[in-house]
Amino acid sequence: MFNLTRRRFLKAAAAVGAMFGAGAAGSKIAQANNTQPTRMNMRLPWQDGGVDWKQMDAEHEAGVKYFLENVGKDPNFWGVQLPFTMDGDVKVFELECVEAPWEVSPGNVLDAMMYNGTIPGPTIRVTEGEKVRVNVTNKMNQSHGVHFHGVHTPNSMDGVPYVTQPPIQPGTKFTYEFVAKNAGTHMYHSHHNAAEQTSRGLMGAFIIDPVDTTNEPSVNGDYVMLLNDAGIGFALNGRGFPATQPIITKKGDRIRIRYMNEGLQIHPMHLHGMYQMVIAKDGARLPSPYLVDTLNIAPGERYDVLVDCQEPGVWAFHCHILSHAESVHGMFGMVTVLIIQE
Ligand SMILES: [Cu+2]
């Protein structure tokens with residue numbers, strides 16, 4: 001499906017920063033998106049007695065056009081780091097939980113729950129051994145608790161209401177404090193009414209860089225890809241295609257992708273055209289990295305992979321449970337592309 005548009009993709013990739021107007025394609029895809037499934041309620045074409053293939057093609061094309069026209073327009077898509085202040089030798093971070101609308105895909109605005117007004121919440125990134133304090137203010141209409149998933153904290157900082165702490169009730173605050181012990185790719189998310197709160201957006205990356213970087217791969221790009229499904233629908237980093245953004249690389253680049261599944265379902269992430277080398281699972285480096293082109297990521301799991309970008313082109317990159325990625329109305333949900341420029 002990408003052959004037809006390959007030239008256009010490459011042109012767009014080369015001109016990142018040049019702004020295109022969303023125009024008519026934008027409003028068409030907004031209409032199409034309102035009819036697209038966000039959950040498993042999809043009726044397949046043969047169940048509806050067939051489709052108008054020209055209409056189907058037009059809707060597929062409109063989505064791809066919208067994606068192209070918006071390359072570079074969401075500079076925060078691949079994550080922003082949460083700023084901190086220092087209190088002595090402690091890194092202090094502020095998180096605020098809010099309920100607010102979030103546009104998952106064009107025209108598809110949902111009531112979401114967010115840290116600091118974004119999905120995912122901003123990335124917390126520290127170095128192994130650092131002292132960390134996270135002040136959480138709950139401005140939502142339900143109680144909350146933050147679990148630092150994969151991070152080895154003292155038990156009292158584990159973030160499970162009624163097990164390790166009282167719930168953070170609406171209008172109140174709670175402070176988490178611990179030493180960042182185990183380096184790796186971790187997460188933070190709600191652990192109170194979590195099926196709703198986390199999947200509606202209360203989730204983010206928590207990365208601990210190792211002190212000893214001898215074995216850290218040298219890369220040209222380091223990308224967090226946070227997977228989600230139930231609450232806000234099938235989404236990569238809080239957006240569903242065509243509101244996702246591509247990864248843009250140059251031939252010869254090596255990139256690192258940190259997958260995190262904060263949803264309620266498994267998502268086998270498939271990259272066309274090349275292998276992904278799995279170097280870490282749940283933050284722990286693997287003694288023997290292995291190659292995959294499809295990596296199944298279960299809820300709660302994290303995987304770090306390296307991709308060597310050798311073959312120029314526009315490579316589809318999507319969840320391979322196809323009903324999470326494409327419908328009769330075109331691609332949606334867990335779809336993006338890897339662009340390798342000459
Ligand atoms: Cu999926």
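What you see is a predicted model; the values in this text were computed from it and never measured. Counting starts at 1 for both ligands and their atoms, following the listed order.
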Novice: Any salt bridge linking Lys131 with Glu177? Criterion: basic side-chain nitrogen under 4.0 Å from a carboxylate oxygen.
Specialist: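 Looking at Lys131 and Glu177, the cut-off is not met.
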
Novice: Does the plane of the ring in His320 sit parallel, tilted or perpendicular to the ring in His270? Use 30° and 60° as the thresholds.
Specialist: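 Aromatic pair His320/His270 classed perpendicular.
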
Novice: Quick check on the 6.0 Å ring-centre criterion: do Phe234 and His318 meet it?
Specialist: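 Here the rings of His318 and Phe234 have centres that are no less than 6.0 Å from each other.
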
Novice: Phe67 vs Phe241 aromatic rings, parallel, tilted or perpendicular, using cut-offs 30° and 60°?
Specialist: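 Phe67 vs Phe241 ring planes: parallel.
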
Novice: For His147 and His191, take the angle between the two ring planes, folded into 0 to 90°, and tell me which bin it lands in: parallel under 30, tilted 30 to 60, perpendicular over 60.
Specialist: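 Judged by the thresholds at 30° and 60°, the geometry between His147 and His191 is perpendicular.
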
Novice: Ignoring waters, how many protein N/O/S atoms are under 2.8 Å from the Cu ion (ligand 1)?
Specialist: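 There are 3 of them.
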
Novice: Among His189, Glu99, Met140, which residue meets the side-chain contact (heavy atoms from CB on, under 4.5 Å) test with Gln197?
Specialist: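 Going through His189, Glu99, Met140 one by one, the side-chain contact (heavy atoms from CB on, under 4.5 Å) with Gln197 is satisfied by Met140 alone.
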
